[in-house]
**Q** 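Questions regarding the structure given below will be posed in turn.
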Amino acid sequence: MLRPKARKPRGFPDRSGAELIAERLMLERIGKVYESYGFAPLSTPAFEYTDALGKFLPDVDRPNAGVFSLQDDDEQWMSLRYDLTAPLARYVAENMDALPRPYRRYAVGTVWRNEKPGPGRFREFTQIDADACFAPPPHADAEIIMMFIDALSAAGVDDKDVEIRLSSRKVMTGLLEIIGLDPEDKGRSGTVLRAMDKYDRLGPDGVALLLGEGRKDESGDYTEGAKLEPGQIDSVLRFMEGGDMAEALSANRIGAEGTEELAQIISTLTELGYGERVKLDPSVIRGLDYYTGPVFEAELTFDVENEKGQTVQFGSVGSGGRYDGLIARFKGQDVPSVGCSVGVSRLLTALKSKSALPEPVSPVVVLALESDQMPRYHRMAKALRAEGIAAEVYLGGAGMKAQMRYADKRGAPIVVICGEDERANDQVTIKDLRAGKAASENIESREEWTEERPGQETVAADQLVPWVKDRLM
RNA sequence: GCCGCCUUAGCUCAGUUGGUUAGAGCGCUUGAUUGUGGAUCAAGAGGUCCCCCGUUCGAACCGGGGAGGCGGUACCA
């Protein structure tokens with residue numbers, strides 16, 4: 001007989017216990033921050049029509065490039081959402097007249113990307129976004145950035161452990177114009193921007209290669225360059241090396257507009273006490289044909305270790321920016337909008353390496369020793385639950401030893417034992433498993449082992465709840 | 001997509017210059033208590049040595065092809 005192999009599709013994580021509990025807590029805290037700024041929750045479906053997501057793929061060779069797509073029974077292509085912003089744009093366009101302006105909402109959800117998974121990089125992950133639509137710069141941008149910072153704090157990131165790097169697409173456009181490139185020329189300008197994005201990792205020399213002929217990396221892969229003239233390359237590098245942005249761009253209309261916006265945002269942030277956390281950084285690029293104004297990302301400043309104990313470059317745990325043209329795709333009219341997104345899965349991974357996640361609560365286990373006494377066991381569990389103590393009755397007909405082993409594997413702090421003897425005397429035996437675990441560390445002989453019953457006590461039946469409560473709280 | 005590494009027990013991995021029954025640690029099962037987990041001890045179960053083709057008297061090992069995994073890089077809303 002041919003049996004299917006039990007295996008998980010690659011890039012899709014199984015997650016359990018402590019991680020899920022930590023994630024729930026994080027989402028709750030961030031959501032509260034968003035709500036405190038007046039953002040209301042909105043949930044949209046996992047699927048959208050492919051054209052609404054902004055990918056015009058079908059009929060092309062690979063309808064699943066980048067996203068997961070399928071055809072509905074009416075032949076229309078649908079795709080799993082790859083972020084929460086594109087669905088928001090669709091929602092706003094569809095409900096344009098009914099929404100207040102500005103419209104503020106936040107969204108929590110799973111998103112999917114059909115691409116090669118890497119370390120710490122999955123094809124399914126969770127994001128929590130907040131966006132303000134019909135919200136012109138620069139004040140909406142300043143508000144979003146403050147909220148973004150508050151959200152990260154609430155998620156458990158120490159102020160000193162994170163830095164917000166800020167730049168602006170308008171500034172980039174200005175720079176491209178100044179060196180004589182057409183910002184609309186997605187090919188060439190895109191290559192330049194992508195090269196600048198790698199400044200952190202490759203340094204000025206690597207970026208210079210990518211701006212010029214091209215670059216071959218250590219693994220032997222070759223990346224085609226932007227083929228700029230030496231003078232142009234020099235301009236870009238001088239710009240990145242932190243000259244005065246405003247001065248460099250003053251002659252260029254859109255560039256000057258960008259620097260002015262950034263200055264106002266920084267000024268507001270500084271006045272509100274967020275100035276320390278934000279740094280201008282021209283190597284922040286983000287999505288290429290998406291953002292139209294300020295862009296920012298949150299970078300962790302501490303080292304993150306992977307499972308093998310190696311220090312890894314972690315990258316950003318959240319980002320955002322202004323996208324004035326996204327809704328215009330539907331309505332032909334620009335809707336100034338700005339938003340931010342926290343990558344919950346990545347942030348959890350990072351925090352996990354820094355501090356232990358809370359252990360999930362394991363229940364008290366009530367052993368099922370006499371099969372005709374099940375209602376009695378259920379009554380005990382119910383009484384414990386009534387006091388807020390997680391409790392379960394063992395299910396199945398295994399012997400006592402197996403039940404004890406189960407309780408141990410389960411991580412139960414306490415087991416409740418009520419067999420024939422206890423029942424006859426209207427008593428229960430309660431055993432604190434944690435005591436035995438502690439004692440087992442320094443026990444040598446088997447005799448010592450079996451004689452001792454650490455943490456175990458037989459008490460009157462009505463003392464069950466108080467005894468357990470006393471031990472657990 | 002491109003480059004490199006890897007694939008032997010449930011897990012982590014040894015191994016053989018090609019030669020009978022392929023190993024360890026951990027885990028698992030059973031026992032040392034007819035009602036006691038976790039330490040300790042003893043016994044036991046568990047493998048198409050990734051797949052296919054070839055070379056050979058003989059292949060887990062050598063050659064070719066394929067698949068899967070890992071890492072880097074590119075792309076990334």
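Numbers restart at 1 for each chain; the letters A, B, ... are given by sequence-line order, proteins then strands.
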**Q** For a quick check of understanding: with a heavy-atom distance under 4.0 Å over all strands, which category does A/Glu370 fall into, base, sugar-phosphate or nothing?
**A** nothing
**Q** Does the gap between the ring centers of A/Tyr106 and A/Phe39 come in under 6.0 Å?
**A** no
**Q** Contact list please: residues 409-418 of chain A against RNA chain B, heavy atoms, distance less than 4.0 Å, in numerical order.
**A** A/Lys409, A/Ile417
**Q** If you measure from the C1' atom in B/rU8 to the same atom in B/rG68, how many Å do you get, rounded?
**A** 15 Å
**Q** Dot-bracket for RNA chain B, 5' to 3', counting Watson-Crick or G-U wobble pairs under 3.5 Å, with [ ] for crossing pairs and | for inter-strand pairs?
**A** (((((((..((((.....[...)))).(((((.......))))).....(((((..]....))))))))))))....
**Q** Using the P atom as the point on both nucleotides, what is the distance between B/rC11 and B/rU20, in whole Å?
**A** 27 Å
**Q** Check if the side chain of A/Lys401 and the base of B/rU30 share a donor-acceptor pair of N or O atoms closer than 3.5 Å.
**A** no
**Q** Need one value for A/Gln403: base, sugar-phosphate or nothing, where a base atom within 4.0 Å counts as base even if backbone is also close, heavy atoms only.
**A** nothing
**Q** Should A/Tyr406 be counted as stacked on B/rG37, where stacking needs a ring-centre gap under 5.5 Å and an angle between planes under 30 degrees?
**A** no
**Q** Can you confirm whether the side chains of A/Asp131 and A/Tyr323 place a donor and an acceptor under 3.5 Å from each other?
**A** yes
**Q** Using the P atoms only, state how far B/rC52 lies from B/rC61, rounded to an integer number of Å.
**A** 12 Å
**Q** To the nearest Å, give me how far apart OH (A/Tyr290) and C1' (B/rA77) are.
**A** 5 Å
**Q** With distance as the sole test, does A/Arg329 use its side chain to make a donor-acceptor pair with the main-chain N or O of A/Arg90 at under 3.5 Å?
**A** no
**Q** State which of B/rG37, B/rG35, B/rA74 makes the closest approach to the side chain of A/Arg201.
**A** B/rA74
**Q** Just how far, in rounded Å, is P of B/rC2 from CD of A/Glu224?
**A** 17 Å
**Q** Considering only atom C1', compute the distance from B/rC62 to B/rC70 and round it to an integer number of Å.
**A** 25 Å
**Q** Does the distance from a Lys or Arg side-chain N to an Asp or Glu carboxylate O, for A/Arg123 and A/Glu115, drop under 4.0 Å?
**A** no
**Q** Do A/Glu422 and A/Thr429 have side-chain atoms, one donor and one acceptor, less than 3.5 Å apart?
**A** yes
**Q** Between B/rG72 atom P and A/Lys116 atom NZ, what is the distance in whole Å?
**A** 8 Å
**Q** If you take atom types as modelled and just measure distance, does the side chain of A/Glu115 reach the base of B/rG1 with a donor-acceptor pair under 3.5 Å?
**A** no
**Q** With no hydrogens and no angle check, just 3.5 Å: does a side-chain donor-acceptor pair link A/Ser283 and A/Arg165?
**A** yes
**Q** Using a 4.0 Å heavy-atom cut-off, does A/Arg113 contact any base of the nucleic acid, only the sugar-phosphate backbone, or nothing at all?
**A** base
**Q** Between A/Ser337 and A/Arg322, is there a side-chain donor-acceptor contact under 3.5 Å, judged purely by atom types and distance?
**A** no
**Q** Whether A/Lys198 contacts B/rC75 is assessed here as follows: a side-chain N or O lying under 4.0 Å from the phosphate OP1 or OP2. Is that the case?
**A** yes
**Q** Taking only the P atom of each, what is the distance from B/rA42 to B/rA24 in whole angstrom?
**A** 14 Å
**Q** Is there a side-chain polar atom (N or O) of A/Arg405 under 4.0 Å from OP1 or OP2 of B/rU30?
**A** yes
**Q** May I ask you to evaluate whether A/Arg194 reaches the phosphate of B/rC76, defined as a side-chain N or O under 4.0 Å from OP1 or OP2?
**A** yes
**Q** Please answer whether the main-chain N or O of A/Arg410 pairs with a side-chain N or O of A/Ser362 as donor and acceptor at a distance below 3.5 Å.
**A** yes
**Q** Taking the side chain as every heavy atom from C-beta outward, state whether A/Cys133 and A/Leu88 have any atom pair closer than 4.5 Å.
**A** yes
**Q** Within this structure, what is the OH-to-C1' distance between A/Tyr82 and B/rC75, rounded to whole angstrom?
**A** 15 Å
**Q** Ignoring backbone atoms, establish whether A/Arg286 has a side-chain N or O less than 4.0 Å from OP1 or OP2 of B/rC76.
**A** no
**Q** Are the ring centres of A/Tyr406 and A/Tyr394 closer than 6.0 Å?
**A** yes
